[in-house]
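Have a look at the structure below, then the notes.
Start at 1 and go down the list; that is how both ligands and their atoms are numbered.
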Amino acid sequence: MSFMGKTAAFMGFNALREMVSDSMAIDMGSAGTIIAVRGRGVVIDEPSVVAVNNLTGEVIAFGHEAQQMQGREARDVAVIAPLVDGVVADFERTQQMLNHFVREARSGISHFSRRAVMSVLSGVTQVEQRALLAAAAYARIGRVYMVEEGLAAAIGAGVRADDERASAVVDIGGGTSNVAVVANGTIVHARAERIGSSDINSAIIDHVRRHRGLTIGARTAERLKLELTTASLPEDLAREMTVKGRDVQTGSPGALEITAGEVYAVAQPVIRKIATAVNETLAELPPEVAADIYDRGIILTGGGAQMEGLEEYMKGETKLAVRTADEPRLATVRGLEQMYEEPLLLRRVTRNEPHPLMDSEASAFET
Ligand SMILES: Nc1ncnc2c1ncn2[C@@H]1O[C@H](COP(=O)(O)OP(=O)(O)OP(=O)(O)O)[C@@H](O)[C@H]1O
Ligand SMILES: [Mg+2]
């Protein structure tokens with residue numbers, strides 16, 4: 001082949017590479033979807049909601065844009081969360097949402113992604129896993145590696161894959177709390193409970209309606225939680241926030257003050273349930289593993305771990321040392337990203353059903 005011919009062939013190959021780009025790390029949670037692209041870091045961080053036109057069934061907005069509409073939707077629009085408690089509740093909307101975010105995450109003209117590492121909950125069923133794989137295929141991702149969320153969170157929180165001693169990670173998400181004990185880059189023991197930080201929102205809405213006679217929206221409840229709720233008894237019980245909504249009795253617009261002491265009492269049962277799940281899981285460990293955790297304590301990850309006073313509260317409940325990961329909400333996606341740097345680990349931990357191509361492919365990107 002002439003020099004020019006070779007160059008043309010080479011350019012053709014590069015152009016092709018441009019179109020088929022990206023190694024993605026996808027953490028699709030019930031509260032938020034975070035996507036990182038290898039070499040570019042986190043490119044998508046959006047709430048996992050879509051706005052649907054009830055008349056046509058069409059999705060009209062995704063993520064932040066949809067969330068903006070929440071509570072103030074037009075008559076024929078509903079804002080829904082297609083993932084509930086960490087699993088696919090609305091398959092079609094999950095597919096469309098993932099497809100949308102993956103497209104946004106791609107750079108330039110690329111239409112396909114070569115591969116993606118995706119997190120799944122430990123307790124996920126084959127049916128739920130297949131739903132996620134189908135959603136990824138719909139989003140034109142060539143190869144999907146499913147990794148258990150707890151392991152990804154641990155790696156993202158700084159646990160080394162070659163550490164033979166055990167570490168415990170508690171990921172508190174929107175809909176789920178996942179306790180994972182990891183050693184040697186694998187999960188020794190894990191348990192996921194379908195209770196998370198969003199359950200505090202529901203408890204707040206319920207409380208304000210039933211005991212204070214005001215119906216408040218989801219976004220107001222989220223603000224109350226973020227600004228006022230603490231896991232340990234607040235120093236200033238009387239600190240308050242004005243919330244507005246709809247009066248239960250009259251139906252008219254209304255407002256009232258909610259104090260930190262009041263939301264503390266409402267959130268406490270949810271937080272206690274999470275702590276109980278942690279204690280129960282840690283009581284199921286083999287003795288050597290329990291010994292490691294006794295020495296090392298536990299690491300908190302997930303958005304729910306950012307609640308004020310949670311570290312202290314967990315210390316008290318577990319009688320162990322507790323630390324919160326840096327940027328706890330991003331721990332899972334960081335761990336997934338890290339898998340690309342450790343292909344042998346990725347091959348070992350991938351949860352997908354056996355696939356004939358997998359071994360050759362995994363070794364292909366070891367080079
Ligand atoms: N500062 C904060 N204080 C309390 N809660 C917070 C804070 N920041 C975020 N959260 C809560 O964290 C939750 C989202 O966490 P995260 O993004 O880890 O969930 P997710 O991964 O989408 O959910 P899941 O893992 O259950 O599917 C939300 O309920 C949010 O309200
Ligand atoms: Mg999560």
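Residues Ser23 and Arg115 have side chains that bring a donor and an acceptor to within less than 3.5 angstrom of each other. Side-chain polar atoms of Thr332 and Ser119 form no donor-acceptor pair below 3.5 angstrom. No side-chain N or O of His211 forms a donor-acceptor pair with one of Glu262 less than 3.5 Å apart.
In this structure, atom 28 (C) of ligand 1 lies nearest to the protein heavy atom Lys225 NZ, 4.0 Å. Summary of contacts: the protein heavy atom closest to atom 6 (C) of ligand 1 is Gly303 O, 3.3 Å. If you check which protein heavy atom lies closest to atom 14 (C) of ligand 1, you get Ala31 CB, 3.6 Å. Residue, atom and distance of the protein heavy atom nearest to atom 21 (O) of ligand 1 are Gly29 CA, 3.8 Å. For atom 2 (C) of ligand 1, the closest heavy atom belonging to the protein is Leu226 CD2, 3.5 Å. Atom 11 (C) of ligand 1 has its closest protein heavy atom at Ser197 OG, 3.6 Å. Scanning the protein for heavy atoms near atom 8 (N) of ligand 1, the closest one is Gln306 NE2, 3.2 Å. Of the protein's non-hydrogen atoms, the one nearest atom 23 (O) of ligand 1 is Gly174 N, 3.0 Å.
Close approach to Glu222 involves these atoms of ligand 1, each under 4.0 Å from a residue heavy atom: 30 (C), 31 (O). For ligand 1 and Ser198, the ligand atoms under 4.0 Å from any heavy atom of the residue are 29 (O). For ligand 1, the atoms lying closer than 4.0 Å to a non-hydrogen atom of Glu149 are 25 (O). Under a 4.0 Å criterion applied to the non-hydrogen atoms of Gly32, ligand 1 contributes the atoms 22 (O). Contact atoms of ligand 1 toward Gly302: 18 (O) (distance under 4.0 Å to a heavy atom of the residue). Atom numbering of ligand 1 starts at 1 in the shown order; those under 4.0 Å from a heavy atom of Met307 are 3 (N), 4 (C). The ligand atoms of ligand 1 that sit less than 4.0 angstrom from a heavy atom of Thr176 are 24 (P), 25 (O), 26 (O).
Contact check for Val50 versus Val79: no side-chain heavy atoms found under the 4.5 Å cut-off.
Between Gly175 and ligand 1, an N or O atom pair is found at a separation short of 3.5 Å.
Placement of Ile298 and Val182 in two distinct hydrophobic clusters is found when ILVMFWY residues are connected by side-chain heavy-atom separations under 4.5 Å, directly or transitively.
With a cut-off of 2.8 Å, the Mg ion (ligand 2) has an N, O or S atom of Glu149 in range.
In this structure, Arg143 is positioned above the aromatic face of Tyr145, its NZ or CZ under 6.0 Å from the six-membered ring centre and within 45° of the axis.
Salt-bridge formation is not detected for the pair Lys273/Asp199: no Lys NZ or Arg NE/NH1/NH2 atom is positioned less than 4.0 Å from an Asp or Glu carboxylate oxygen. Classification of Arg191 and Glu193 as a salt-bridged pair holds, one side-chain N sitting under 4.0 Å from a carboxylate O.
At distances below 3.5 Å, at least one donor-acceptor pair connects side-chain atoms of Tyr340 with backbone N or O atoms of Val117.
Partner of Arg93 under the side-chain contact (heavy atoms from CB on, under 4.5 Å) criterion, chosen from Val52, Leu98, Leu83: Val52.
The aromatic rings of Phe101 and Phe62 sit perpendicular, their planes meeting at an angle over 60°, well past the 30° parallel limit.
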